[in-house]
Amino acid sequence: MINNDELHDEIGDNHIASCATNPVRDDAFDITDDEKIEKIKKDVESILLTLGMDLTDDSMKGTPNRVAKMFVKEIFGGLNPDKKPKASTFENNYKYGEMLVEKNITLYSTCEHHLLPIIGRAHVAYISSGRVIGLSKMNRIVEYYAKRPQVQERLTMQIVQELQRALGTDDVACVIDAKHLCVNSRGINDIESSTVTSEFGGKFKEPQARREFLDYIKLDTKF
């Protein structure tokens, strides 16, 4: 009979998500970023000491504080709703009616199972129903949802859903091609494999539009 630790390890090693939204507690923002940094700093210090590291060494002295700031301010900054980009849209005055594709958006995220990097590219497209969005906003939406403990399937869906809300249309698509260091640098140690996920909404569910989008991106990404 499998015990809870073995079950949780199996879920993590197989990259299985438990929910379609990020599992964030209701009290996640009851303390300030500075308070979080102080708490995480002590936890990182405890981990390093347990591993046997000498934190009096000049190279290691600042590591707990650096890691804590990186967690709160950078790689997990997308957990904070205050950092959500304003997805300003504009009237499609020039009546462009074909798909718009923003491909090869650089993506850095973190696997929520092992807290190791996910590195890849996102390819995003939409067909305007009357509104358009600035190109850089598409990059910022990808970045915002990527800067969390994530699973790639959820991230792909979140990008599409956010653009659908902003643009007022279902006609949005996203494909992500990424390497997971929890696969590449540990476990199976397969340095060549990458993971591809996709989410197609509205007209992109139709074979012709989907094929046109996939022809544009060609999935020839190099990492």
**Student:** Closest approach of Val151 and His113, non-hydrogen atoms and distance?
**Tutor:** CG1-CE1, 3.6 Å
**Student:** Take atom CD1 in Ile191; do more than 12 heavy atoms of anything else shown fall under 6.0 Å from it?
**Tutor:** no
**Student:** Mind checking side-chain contact (heavy atoms from CB on, under 4.5 Å) for Asp190 and listing every partner two or more places apart, or none if nothing turns up?
**Tutor:** Val183, Ile188, Glu192, Ser193
**Student:** How close do Ala125 and Phe204 get, counting heavy atoms only, and between which atoms?
**Tutor:** CB-CZ, 3.8 Å
**Student:** Output the distance between atom CD1 (Ile37) and atom NZ (Lys69), rounded to the nearest 0.5 Å.
**Tutor:** 7.0 Å
**Student:** Of all heavy-atom pairs between Ala166 and Ile133, which one has the smallest distance, and what is that distance?
**Tutor:** CB-CD1, 4.4 Å
**Student:** Is there a path of hydrophobic side-chain contacts, each under 4.5 Å between heavy atoms of I, L, V, M, F, W or Y residues, that connects Phe29 with Ile31?
**Tutor:** no
**Student:** By side-chain contact (heavy atoms from CB on, under 4.5 Å), which residues pair with Asn92, not counting sequence neighbours?
**Tutor:** Tyr94, Tyr96, Ser128, Val132
**Student:** Kindly indicate whether the side chain of Val124, heavy atoms from C-beta on, has any atom under 4.5 Å from the side chain of Cys174.
**Tutor:** yes
**Student:** Please report the closest heavy-atom contact between Leu116 and Cys182, naming both atoms and the distance.
**Tutor:** CD1-CA, 3.7 Å
**Student:** Return the set of residues passing salt bridge (Lys or Arg N to Asp or Glu O under 4.0 Å) with Asp27 (not counting sequence neighbours), or none when no residue passes.
**Tutor:** Arg25
**Student:** Can you tell me how far CD1 of Ile217 sits from NZ of Lys103, rounded to the nearest 0.5 angstrom?
**Tutor:** 8.5 Å
**Student:** Taking the side chain as C-beta and beyond, is there a heavy-atom pair between Ile159 and Ile176 under 4.5 Å?
**Tutor:** yes
**Student:** Going by ring-ring contact (aromatic ring centres under 6.0 Å, His included), name the residues that satisfy it together with Tyr145, two or more places apart in sequence or in a different chain.
**Tutor:** none
**Student:** Which residues pass the side-chain hydrogen bond (donor to acceptor under 3.5 Å, both in side chains) test with Tyr216, sequence neighbours left out?
**Tutor:** Glu212
**Student:** Is Leu55 reachable from Val44 through a run of I, L, V, M, F, W or Y residues, each pair having side-chain heavy atoms under 4.5 Å apart?
**Tutor:** yes
**Student:** Check side-chain hydrogen bond (donor to acceptor under 3.5 Å, both in side chains) between Ser129 and all other residues, then give those that pass, not counting sequence neighbours.
**Tutor:** none
**Student:** Are Leu115 and Ile118 grouped together when hydrophobic residues (ILVMFWY) are joined by side-chain heavy atoms under 4.5 angstrom apart?
**Tutor:** no
**Student:** Among residues two or more places apart or on two chains, list those pairs meeting salt bridge (charged side-chain N to carboxylate O under 4.0 Å, His left out) that have a residue in residues 130-147.
**Tutor:** Glu91-Arg131
**Student:** Shortest non-hydrogen contact from Ala146 to Leu107?
**Tutor:** CB-CG, 4.3 Å
**Student:** According to the side-chain hydrogen bond (donor to acceptor under 3.5 Å, both in side chains) rule, which pairs have a member within residues 28-38, sequence neighbours left out?
**Tutor:** Thr32-Glu35
**Student:** In residues 71-88, what donor-acceptor pairs under 3.5 Å come from side-chain atoms, sequence neighbours left out?
**Tutor:**
| from | atom 1 | to | atom 2 | distance (Å) |
| --- | --- | --- | --- | --- |
| Asn80 | OD1 | Asp82 | N | 2.9 |
| Lys84 | NZ | Glu162 | OE1 | 3.2 |

**Student:** Could you note down all residue pairs passing side-chain hydrogen bond (donor to acceptor under 3.5 Å, both in side chains) where residues 195-209 supplies at least one of them, sequence neighbours left out?
**Tutor:** Gln152-Thr197, Thr156-Thr197
**Student:** What distance do Met138 atom CE and Leu163 atom CG have between them, rounded to the nearest 0.5 Å?
**Tutor:** 6.0 Å
**Student:** Please determine whether residues Met157 and Val160 belong to a single hydrophobic cluster, defined as Ile, Leu, Val, Met, Phe, Trp and Tyr linked transitively by side-chain heavy-atom distances below 4.5 Å.
**Tutor:** no
**Student:** Taking the side chain as every heavy atom from C-beta outward, state whether Tyr126 and Asp171 have any pair of such atoms under 4.5 Å apart.
**Tutor:** no
**Student:** Evaluate whether atom CE of Met53 has more than 12 neighbouring non-hydrogen atoms of other residues, nucleotides or ligands under 6.0 angstrom away.
**Tutor:** no
**Student:** How would you list, by chain and number, every residue that makes a side-chain contact (heavy atoms from CB on, under 4.5 Å) with Asn22, sequence neighbours excluded?
**Tutor:** Val24, Arg148, Gln150, Arg154, Gln158
**Student:** Can you name the closest pair of heavy atoms from Asp177 and Ser194 and give their distance?
**Tutor:** OD1-OG, 2.9 Å
**Student:** Say you draw a straight line from CD1 of Ile127 to CE of Met99; how long is it, rounded to the nearest 0.5 Å?
**Tutor:** 5.0 Å
**Student:** Treat each ILVMFWY residue as a node, draw an edge where side-chain heavy atoms are under 4.5 Å apart, and state whether Tyr108 and Met70 are in one component.
**Tutor:** no
**Student:** I need the full list of side-chain hydrogen bond (donor to acceptor under 3.5 Å, both in side chains) pairs touching residues 44-60, with sequence neighbours left out, sorted by first then second residue.
**Tutor:** Asp54-Thr56, Asp58-Lys61
**Student:** I would like to know whether Thr106 and Arg121 meet side-chain contact (heavy atoms from CB on, under 4.5 Å); could you show each step before the answer?
**Tutor:** CA-CA 5 Å; Thr106 302; Arg121 305 281 182 179; 2.7 Å; yes
